[in-house]
Amino acid sequence: MSKTLSTRLQPSSRAVVELQAPETNLLEACELLASHGFFGMVWLDPDLRSTERYGGLAELVPTGLRVTDTVMALWGLENELLDLINKPNARFEMPNVAIANADGNGPRLNFHVFWLAARQQFLLLIAKVVSTGDLELGLAQQVRARMIVEAELAQKSRALAAVNAELERANRDLAEFAYVISHDLKAPLRAMRYLTNDLDRVVANPGHCDPTLVAGQIHAQSQRMSRMLTDLLAYSKIGRQTDALAMIETGSLIRSIVGSLPRAPAMSIVVNGEWPVIETYAAPLDLILRNIISNALNHHDRTDGRIMITANVSGRALEIEIIDDGPGIAPEWHEAIFQPFRTIASGDASGQSGIGLALVRKAVETTGATLSLTSNPSERRGSAFKLLWPLIIND
């Protein structure tokens, strides 16, 4: 009757191997070869993090970290290794890798990676190169060169995709500008043409109307068009400015914005939550918060009201909510308000060009942030804007 033995292969290892008594010789042989540096084994979890190791050569691989970050021979090969999960009978090989040490005479090693489907683990086998021929060395160099070329091609492909995305955005902006110029900018020009005709009639018939009143209306329309052109220029520059990263005290930033916005005495703005110091682009964040809050103030239908601004760190983003108790925005307007020169209120009573939220959307898109709006006046008053601002900026 066979007896089951359970033993640890090496003091530093957590791997336990169960062997039958007649296979003790195999265990002793493995320990002998491993102790003389002929091979080592490392077990990896499905994320390629080393969990267990056995043998002196395995000491090259730190535990708890991804092998593609710690083993130079495997750098940048995550996809190739993870692809083994879908190919249980395949293996990944990296032969004849020179390992540098202090005196420059490091060993040459073969790296083999297998997927153990039953255990849901990878096995990394590190074996000492016993003999190295010129053909084997040349093959290894060719494989490595091919991998380098493929990595460069992948990088160029990502760069091309980024350029295509920028080109698509530029074409979209061009189409948007064409619409704005052909439609929205014509409105004040058309109004000034009508008012000029009125002024001609007033001059011809002085008793008909006060000419200064018509002249004032022409002046107001010219100011409106000037404001629209200025805002349109600011809109075109979003995403093309090279803002430098800086450490920003978001609490000081929001207090500065709130303190600078004019409002009725009975209109209160309350700031709560967690406002950390982060490294980010200050100008776009200022622009987004300032315009959303200003929009809530300008379109409130009462002289008294309350705006709540709350921030909290959520994962890899700073979550900022701006909630007002104004009249709200109907769902059918949720998309339109982010277009240039689109306003819900008719006329020009607010003195605003209607481009503030368009600036907000463009700044959100160019910084990798996200913005959502919740509002339905048929259910209850108020609007809630939620901004997810990235805590880590990827240039």
Side-chain angles (χ1 to χ4, degrees), residues 6-19 26-85 87-151 154:
S6 177
T7 180
R8 291 186 180 274
L9 297 177
Q10 187 166 302
S12 64
S13 170
R14 291 179 295 156
V16 177
V17 178
E18 292 187 355
L19 298 173
L26 177 60
L27 173 61
E28 291 176 351
C30 289
E31 290 179 336
L32 178 63
L33 292 173
S35 64
H36 283 78
F38 281 93
F39 79 99
M41 293 186 291
V42 182
W43 286 264
L44 314 172
D45 67 16
D47 290 326
L48 300 175
R49 290 183 174 83
S50 59
T51 58
E52 302 166 302
R53 58 188 183 182
Y54 166 59
L57 291 181
E59 300 295 333
L60 297 171
V61 183
T63 58
L65 301 175
R66 290 169 64 95
V67 293
T68 50
D69 294 333
T70 57
V71 179
M72 185 177 297
L74 302 178
W75 284 2
L77 300 176
E78 294 91 346
N79 292 336
E80 288 81 354
L81 298 180
L82 292 174
D83 193 47
L84 293 175
I85 297 177
K87 301 176 180 178
N89 296 323
R91 66 179 178 179
F92 177 87
E93 298 182 356
M94 179 63 69
N96 208 352
V97 177
I99 303 299
N101 58 15
D103 58 11
N105 297 319
R108 288 185 174 276
L109 303 174
N110 294 328
F111 291 83
H112 304 266
V113 182
F114 307 84
W115 171 246
L116 308 178
R119 295 177 176 271
Q120 290 294 294
Q121 290 179 311
F122 289 94
L123 174 63
L124 168 62
L125 174 64
I126 307 172
K128 184 177 180 180
V129 177
V130 178
S131 62
T132 304
D134 293 338
L135 182 60
E136 183 183 11
L137 180 59
L139 179 61
Q141 291 173 340
Q142 290 179 18
V143 170
R144 190 62 175 171
R146 188 187 70 180
M147 290 181 175
I148 293 174
V149 171
E150 289 177 350

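Start at 1 with the first residue, then count along the sequence. Treat the numbers as computed from the prediction; the structure is a model and nothing was measured. Any value given below was found using the heavy atoms of this structure, including those in side chains, with hydrogens, waters and symmetry copies removed.
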Would a 4.5 Å heavy-atom cut-off, applied to side chains only, mark [X] and [Y] as touching?
{"X": "W75", "Y": "T68", "answer": "no"}
{"X": "L57", "Y": "L109", "answer": "yes"}
{"X": "L125", "Y": "F114", "answer": "yes"}
{"X": "Q120", "Y": "W115", "answer": "yes"}

Does the [X] side chain pair with the main chain of [Y], one donor and one acceptor, at a distance under 3.5 Å?
{"X": "R53", "Y": "V61", "answer": "yes"}
{"X": "N110", "Y": "N96", "answer": "yes"}
{"X": "T70", "Y": "P62", "answer": "no"}

Looking at [atom1] of [X] and [atom2] of [Y], how far apart are the two atoms once the value is rounded to the nearest 0.5 Å?
{"X": "F92", "Y": "L81", "atom1": "CZ", "atom2": "CG", "result": "5.5 Å"}
{"X": "H112", "Y": "L123", "atom1": "NE2", "atom2": "CG", "result": "11.0 Å"}
{"X": "L26", "Y": "E31", "atom1": "CG", "atom2": "CD", "result": "10.0 Å"}
{"X": "L33", "Y": "F38", "atom1": "CG", "atom2": "CZ", "result": "6.5 Å"}
{"X": "L74", "Y": "E80", "atom1": "CG", "atom2": "CD", "result": "10.5 Å"}
{"X": "M94", "Y": "L124", "atom1": "CE", "atom2": "CG", "result": "11.5 Å"}

[X] and [Y]: which non-hydrogen atoms are nearest, and at how many Å?
{"X": "S50", "Y": "L44", "result": "CA-CD2, 3.6 Å"}
{"X": "V42", "Y": "A58", "result": "CG2-CB, 3.8 Å"}
{"X": "A34", "Y": "Y54", "result": "CB-OH, 3.8 Å"}
{"X": "S35", "Y": "L32", "result": "OG-O, 2.7 Å"}

Checking F122 against I85 for the side-chain contact (heavy atoms from CB on, under 4.5 Å) test, could you report, in this order, the C-alpha distance in whole Å, the side-chain angles of both residues, the deciding distance, and whether it holds? CA-CA 9 Å; F122 289 94; I85 297 177; 3.6 Å; yes
Can you list the steps and then say if I126 with F39 is a side-chain contact (heavy atoms from CB on, under 4.5 Å)? CA-CA 5 Å; I126 307 172; F39 79 99; over 6 Å; no
Would you please test R66 and D47 for side-chain contact (heavy atoms from CB on, under 4.5 Å) and show each step? CA-CA 7 Å; R66 290 169 64 95; D47 290 326; 4.3 Å; yes
Hey, mind stepping through L48 and L82 against side-chain contact (heavy atoms from CB on, under 4.5 Å) and telling me if it holds? CA-CA 8 Å; L48 300 175; L82 292 174; 4.0 Å; yes
